[in-house]
Amino acid sequence: MIYELRIYTTIPGRMPNLLARFENHTLKIWEKHGIKQLGFWTTLVGPNNNDLTYMLAWESLADREKKWNAFFADPDWVNARAESEKDGPINAQVSSSFLTPTKFSAIQ
C-alpha cells in the first residue's frame, strides 16, 4: 500500500464550500471509482486554519493513476466542481505527497 497525503489550502471564507463539495459530491464519486479515503481533518491549531488535510490509500501508483484519472474525467465530478466554484475558486493551493509506511508504523 501507498498513502497519499493531500492538503488543500482554501481561500479565506471558502472552507464551507470545500467541505460541502466533499460531503455532498466527491465522496460518492470516489466510491464509484474505488477510491478509499482514510480520514479528513481541518486544522484546529497550526500554521494555517484554512487547510483541509486528508489521506487516501492506494494499492500502487498505477492504481492511483488509473482511479484518479477516471475520477477527474467523471462528468459528475466535472459538474460538481464547476457548480461549487461558480462564485470563484475554492482553493488557493493543493499539495500532495505519496507516503510509504515504515516497518514500525501502525498503518501498513
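You'll find the side chain of P16 stays beyond 4.5 Å of the side chain of L19, heavy atoms only. Side-chain contact between Y8 and I90 is absent, with no heavy atoms from C-beta onward closer than 4.5 Å. Under the 4.5 Å side-chain criterion, counting only non-hydrogen atoms from C-beta, T10 is not in contact with L52. Under the 4.5 Å side-chain criterion, counting only non-hydrogen atoms from C-beta, W58 is in contact with I35. Side-chain atoms of H33 and F72, non-hydrogen and from C-beta on, never get closer than 4.5 Å to each other.
Proximity of a side-chain donor or acceptor of K67 to a complementary backbone N or O of G34 within less than 3.5 Å is detected. Checking side-chain atoms of S84 against main-chain N and O of R81 turns up a donor-acceptor pair under 3.5 Å. S105 places a side-chain N or O within 3.5 Å of a backbone atom of I107 that can act as its donor or acceptor partner. Judged by distance alone, with hydrogens and angles left aside, the side-chain atoms of N24 form a donor-acceptor pair with the main-chain N or O of A20 at under 3.5 Å. A donor-acceptor contact shorter than 3.5 Å is absent between the side chain of Q37 and the backbone of A57. Without hydrogens or angle criteria, R14 side chain to P89 main chain gives a donor-acceptor distance under 3.5 Å.
Ion pairing between a basic and an acidic side chain is recognised when a charged N comes within 4.0 Å of a carboxylate O; K28 and E31 show no such pairing. Under 4.0 Å is where a charged nitrogen must lie from a carboxylate oxygen, and between E59 and R64 no such pair does.
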Verdict with supporting geometry, L61 and F98, side-chain contact (heavy atoms from CB on, under 4.5 Å): CA-CA 9 Å; L61 287 174; F98 294 93; 3.9 Å; yes
Candidate pair R6 and E4, rule salt bridge (charged side-chain N to carboxylate O under 4.0 Å, His left out), full reasoning: CA-CA 6 Å; R6 296 181 63 86; E4 184 175 2; 2.9 Å; yes
Audit row: N17, E85, side-chain contact (heavy atoms from CB on, under 4.5 Å) steps and yes/no: CA-CA 8 Å; N17 301 76; E85 295 183 347; over 6 Å; no
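To the nearest 0.5 Å, atoms CG (N91) and CD1 (I11) are separated by 7.5 Å. The line from CD1 of I7 to CG of L5 is 5.0 Å long, rounded to the nearest 0.5 Å. Expressed to the nearest 0.5 Å, how far CG of N79 lies from NE2 of H25 amounts to 10.0 Å.
In this structure, F22 has its ring center closer than 6.0 angstrom to the ring center of F40. The distance between the ring centers of Y54 and W30 falls below 6.0 angstrom.
Remark: K32 NZ is packed, more than 12 non-hydrogen atoms of other residues, nucleotides or ligands lying under 6.0 Å away.
In the hydrophobic clustering of this structure, I29 does not group with V78; members are Ile, Leu, Val, Met, Phe, Trp, Tyr whose side-chain heavy atoms approach within less than 4.5 Å, directly or through other members. Side-chain heavy atoms closer than 4.5 Å link hydrophobic residues (I, L, V, M, F, W, Y) into clusters, and following such links, possibly through other members, connects M15 to V94. L38 and W68 fall into different hydrophobic clusters, defined by Ile, Leu, Val, Met, Phe, Trp and Tyr side-chain heavy atoms under 4.5 Å apart, directly or through other members.
Evaluated for a side-chain hydrogen bond (donor to acceptor under 3.5 Å, both in side chains) with T9, the options T43, N50, D51 yield exactly one hit, D51.
Scanning both residues, S60 and D63, for their nearest heavy atoms gives OG-N, 3.0 Å.
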